Amino acid sequence: MSSENDNITNLNSENDNSPKAETKDFIRTIIDQHNKSGRFDNVVHTRFPPEPNGYLHIGHAKAICISFGIAEEYGGVTNLRFDDTNPTKEDTKYADAIMEDIKWLGFNWEERLFHASDYFDQLYDWAVLLIKKGVAFVDDLSAEEMREYRGTLTGAGKESPHRSRSVEENLELFEKMKNGDFPDGAKTLRAKIDMASGNMNMRDPVMYRIMRATHHRTGDKWCMYPTYDWAHGQSDSIEKITHSLCDLSFEDHRPLYDWFLDQLDVHHPQQSEFARLNINYTITSKRKLRQLVEQNFVDGWDDPRMPTLSGLRRRGYTPKAVKTFIAKLGVSKKRDTIADIALLEHGLRDELNASSERRMAVLAPLKVVITNYPDGQIEEFDAVNNPESEAAGSRKVFFSKEIYIEQTDFVEVAPNRKYFRLAIGKEVRLKHTYYITCDEAIKDDDGNIVELRCTYDPESKGGSTPDGRKVRGTLHWVSTHDAVDAEVRLYAHLFTKESPDEDDDFLEHVNPDSLELLTDCKVEPSLKDLKKGGSCQFLRHGYFCVDSKNSTNGKIVFNRSVTLKDSWAKMKKS
RNA sequence: UGGGGCGUCGUCAAGCGGUAAGACACUAGCCUUUGACGCUAGCAUUCGUAGGUUCGAAUCCUGCCGCCCCAGCCA
């Protein structure tokens, strides 16, 4: 055989695979190894196991992208399983919201919707089996006592005095627990493992606790419920999951899950743990997000400032931008990393730049009268919808003698040669139409500028002149005769501190200026046609979407999804 | 005097014994009817640290140092 052929083969395969192969994260590397060894017959079957006790946030999106995304990549499937082992905290409404969010991200569990509660009977039988094997026992210790017996991080615990009950007695007691013969909290079923283990999870963990609560799915069938630790691994096993992907906090639990699975001698998934997602200037803690909602720092779980998926959706984020962001971050085991929210914003800008039509909107209007423009004349101009996409076509905009420009686009005296906007005696271009020069600023009694008097150059029609003179500044504008009133909400980071999460008083770092409400905005008439949730770029401002909740036929409300980059603002600062 | 993890640019992150990818951010400039977009250039002589092995180490060995998680009948 010629070595030349071999070389060609190798080169080709390198060209095909090397970019991906070089950047494979540790989870994909493990899966590759399994596929090589045939451990799971080349099957990749994952699951996403949320507890239906709150809304999904961007941290969950990472877990979703990993579990659903990796399975997809390897031609496998993913189950959605609600780990509903604590009825006091869970509710169907959360389950519904969770499903909506996963679908929004573009993932599909098809017919594989499961619940840990589907397995309560099986779990009970297995618990009986462990009792019979002599590796589980009914304990009478109270919660406080159990804590004392558990020992400390550095010192071994003590065995419960009830640990040596006979199998028969345990069986009888456990049956009574199920039948409701004991009050809440009176007894527990515990695994008999090792009270001296360095791993706290192995110090005779609780498998069942008595808790009279109506379960959102099983109703009042049970008065005791399995703990997460007892239910989770077995649920994965029952579903024949091959790769259980979860966050680092479950690393310590893996030995326990393995222990249960070994005792039961059932299918053994491979659990791999990755670092959770943290992002600066926000928080990804369900508990803390709930506080923001309950203490009215925000408008609800879907407030556009929230890092929840429903909040991001309402803010105008796209599933693609969220997924791209997560993919760019990668997967690792580094725990204390904090991703830069600028990367998330960049992804959105990047996508919307290519896809959003441009419109003109004046957020803080200043009236301009063009003194040499004929009274009552209305001129029609073509305005390109998206310079990045010819297919987006163009629309008509209508120019008149009176228009609005942005208050921030005018100063009486230009501060320096780098200033391109309007000032007295300065000429600027009005996007798509004419050059105007400011002659005079009209002020009210308090000295506030209330109106500008300008003249236009008829030669500049369309935005350039025969003499070819350079006009650096281009302003957006809206004509007073057809301007549409709108409310615009500008959002900034929810927190003023990069890592608000690092201390307990995170509420002190809530940004008081995270929402700026502008109620007197004037926008292009074509904006009336934008549907709820629809996005566009406001020229020179950023990307905005029509608020899906508070917009009405009479009043359009826009949410700023993300600003445009602003090198002028940066220049002014320095 | 416990157990489990992690330490590569401001941030995230490749690299797996052959002489530090990429992205974001940042800086400088070009372009521009969005001070947007785009383009060009710059941005870790060094991989927590100290030794050792080697012709050669971020990659192997040893010792230190630092950070994080675990003591719910939460998940």
Side-chain angles (χ1 to χ4, degrees), chain A residues 19 22-25 29 49-51 53 83-86 88-90 139 141-143 146-148 150-157 184-190 196-203 205-211 224-225 227-229 231-232 246 248-255 273 275 280 286-287 325 328-347 349-350 353-354 358 360 384 387-388 418-421 429-433 435 460 462-464 471-476 537-542 563-571:
Chain A
E22 279 173 18
T23 56
K24 270 201 176 159
D25 55 68
T29 303
E51 183 188 17
N53 72 340
D83 269 335
D84 50 355
T85 53
N86 187 349
T88 63
K89 294 188 175 173
E90 295 148 9
D139 200 357
L141 252 32
S142 69
M146 206 181 286
R147 184 162 52 244
E148 285 165 25
R150 190 153 29 231
T152 65
L153 291 177
T154 52
D184 284 9
K187 292 195 182 340
T188 57
L189 183 74
R190 293 226 261 164
S197 171
N199 182 346
M200 300 300 281
N201 297 118
M202 301 300 268
R203 320 247 261 226
V206 172
M207 296 164 64
Y208 277 94
R209 70 284 212 200
I210 300 172
M211 185 189 324
M224 66 177 188
Y225 291 93
T227 57
Y228 174 87
D229 274 345
H232 184 77
C246 59
L248 255 20
S249 60
F250 296 104
E251 240 165 353
D252 287 349
H253 295 243
R254 178 155 35 89
E273 309 86 3
N280 58 10
K286 226 191 250 183
R287 200 193 98 237
F325 168 66
K328 283 194 168 187
L329 290 176
V331 185
S332 78
K333 288 175 87 83
K334 266 183 268 179
R335 222 176 243 274
D336 313 301
T337 61
I338 300 174
D340 193 343
I341 197 167
L343 186 63
L344 211 211
E345 295 171 341
H346 171 264
R349 269 190 209 107
D350 201 41
N353 174 51
R358 270 107 253 224
M360 295 195 285
V384 167
E388 305 288 326
K418 293 274 194 182
Y419 180 86
F420 304 146
R421 278 114 109 129
R429 172 167 38 237
L430 293 174
K431 182 78 179 174
H432 306 302
T433 57
Y435 293 173
S460 65
S464 58
V471 171
R472 292 295 305 271
T474 301
L475 311 186
H476 59 277
Q537 183 197 95
F538 286 177
L539 234 45
R540 303 208 299 138
H541 281 302
T563 61
L564 247 29
K565 288 231 266 181
D566 189 351
S567 56
W568 169 241
K570 217 174 269 177
M571 233 164 113

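Note that the coordinates shown come from a computational prediction; the quantities given were computed from them, not determined experimentally. By convention in this document, chain letters (A, B, ...) are assigned in the order of the sequence lines, proteins followed by strands, and residues within each chain are numbered from 1.
Among the heavy atoms of the strands lying under 4.0 Å from A:Arg150 are primed sugar atoms or P, OP1, OP2 only; no base atom is included. At the heavy-atom level, A:Leu248 lies nowhere under 4.0 Å from the strands shown. Nucleic acid contact for A:Gly185: base, since at least one base atom lies under 4.0 Å from a heavy atom of the residue. At the heavy-atom level, A:His346 lies under 4.0 Å from the strands shown only through sugar-phosphate atoms. Using a 4.0 Å heavy-atom distance criterion, A:Arg190 is classed as making no nucleic acid contact. The residue A:Glu273 sits apart from the nucleic acid: no heavy atom pair falls under 4.0 Å. If you check every strand for non-hydrogen atoms under 4.0 Å, A:Arg254 touches nothing. Contacts of A:His253 with the nucleic acid, taken as non-hydrogen atoms under 4.0 Å apart, include base atoms. Among the heavy atoms of the strands lying under 4.0 Å from A:Arg358 is at least one base atom, whether or not backbone atoms are also near. A:Tyr208 comes within contact range of no nucleotide atom at all, as no heavy-atom separation falls under 4.0 Å. Residue A:Lys418 is classed as a base contact, given a heavy-atom separation below 4.0 Å to a base. Among the protein residues, A:Arg429 comes within range of the nucleic acid bases, having at least one heavy atom under 4.0 Å from a base atom. Within 4.0 Å (heavy atoms only), A:Lys89 reaches sugar-phosphate atoms of the nucleic acid but no base atom. If you check every strand for non-hydrogen atoms under 4.0 Å, A:Ile338 touches sugar and phosphate atoms only.
Checking B:C67, B:G4, B:G35 against the side-chain heavy atoms of A:Asp336 singles out B:C67 as nearest. Listed nucleotides: B:A25, B:C73, B:A75. Nearest to the side chain of A:Ala143: B:C73. Relative to the side chain of A:Met211, the nucleotides B:C74, B:G35, B:C12 differ in distance, and B:C74 lies closest. Closest to the side chain of A:Glu251, out of B:C67, B:G5, B:A36, is B:G5. Candidate nucleotides B:G2, B:U34, B:C37 were compared by shortest atom distance to the side chain of A:Lys565, and B:C37 ranks first. Here the side chain of A:Asn86 is nearest to one of B:G3, B:G2, B:A75, namely B:A75. Nearest to the side-chain atoms of A:Asp340 among the listed nucleotides B:C37, B:A75, B:G10 stands B:G10. Taking only side-chain atoms of A:Asn353, from C-beta outward, the nucleotide of B:G35, B:C37, B:A75 with the closest atom is B:C37. Comparing B:G35, B:A75, B:U34 against the side chain of A:Glu51 picks out B:A75 as the nearest. Each of B:A36, B:U11, B:A75 was ranked by its minimum atom distance to the side chain of A:Leu564; first place goes to B:A36.
Neither OP1 nor OP2 of B:G15 sits under 4.0 Å from any side-chain N or O of A:Lys24. One finds a side-chain N or O of A:Lys334 lying less than 4.0 angstrom from the OP1 or OP2 phosphate oxygen of B:A13. Checking the phosphate oxygens (OP1, OP2) of B:C74, a side-chain nitrogen or oxygen of A:Arg209 falls inside 4.0 Å. Side-chain nitrogen and oxygen atoms of A:Thr85 include at least one within less than 4.0 Å of the OP1 or OP2 phosphate oxygen of B:A75. Residue A:Arg349 places no side-chain N or O under 4.0 Å from the OP1 or OP2 atom of B:C37. Phosphate contact (OP1/OP2 of B:A36, side-chain N/O of A:Ser567, threshold under 4.0 Å): present. Between A:Ser249 and B:C69, a side-chain N or O to OP1/OP2 separation shorter than 4.0 Å is absent.
Taking the O4'-C1'-N9-C4 or O4'-C1'-N1-C2 dihedral as appropriate, B:G72 has a value within 90° of 0 and is therefore syn.
The closest side-chain heavy-atom distance from A:Gln537 to A:Leu564 is below 4.5 Å.
The partner of B:C16, taking Watson-Crick or G-U wobble pairs whose two distances both stay under 3.5 Å, does not exist in any strand shown. Pairing for B:C37 is absent, with no Watson-Crick or G-U wobble pair whose two atom distances lie under 3.5 Å. The pairing partner recorded for B:C6 is B:G66, the criterion being a Watson-Crick or G-U wobble arrangement whose two distances lie under 3.5 angstrom. In this structure, B:A25 makes no Watson-Crick or G-U wobble pair, since no nucleotide meets both defining distances under 3.5 angstrom.
Per the geometry, CG belonging to A:Leu329 stands 10 Å off C1' belonging to B:U11, to the nearest Å. In this structure, A:Asp184 atom CG and B:C73 atom P are separated by 15 Å, rounded to whole Å. A:Asp229 places its CG atom 11 Å from the P atom of B:A71, with the value rounded to the nearest Å. The distance between atom NZ of A:Lys431 and atom P of B:A36, rounded to the nearest whole Å, is 13 Å. Separating the NZ atom of A:Lys333 from the P atom of B:A14 is a distance of 13 Å, rounded to the nearest angstrom. As a whole-Å value, the separation of A:Glu345 CD from B:A36 P is 17 Å. Separating the CZ atom of A:Arg540 from the P atom of B:A36 is a distance of 11 Å, rounded to the nearest angstrom. Between the P atom of B:C73 and the NZ atom of A:Lys187 lies a distance of 17 Å, rounded to the nearest Å.
Scanning both residues, A:Thr85 and A:Ala231, for their nearest heavy atoms gives CG2-CB, 3.6 Å.
The aromatic ring centres of A:His253 and A:His232 sit 6.0 Å or more apart.
One P atom belongs to B:C16, the other to B:C60, and the distance between them is 11 Å to the nearest Å. With both ends at atom P, the span from B:G48 to B:A58 equals 10 Å, rounded to whole Å.
Judged by distance alone with a 3.5 Å cut-off, no donor-acceptor contact links the side chain of A:His476 to the base of B:A36. In the interface, the side chain of A:Asp252 is paired with the base of B:G3 through a donor and an acceptor atom under 3.5 Å apart.
Ion pairing between a basic and an acidic side chain is recognised when a charged N comes within 4.0 Å of a carboxylate O; A:Lys333 and A:Glu251 show such pairing.
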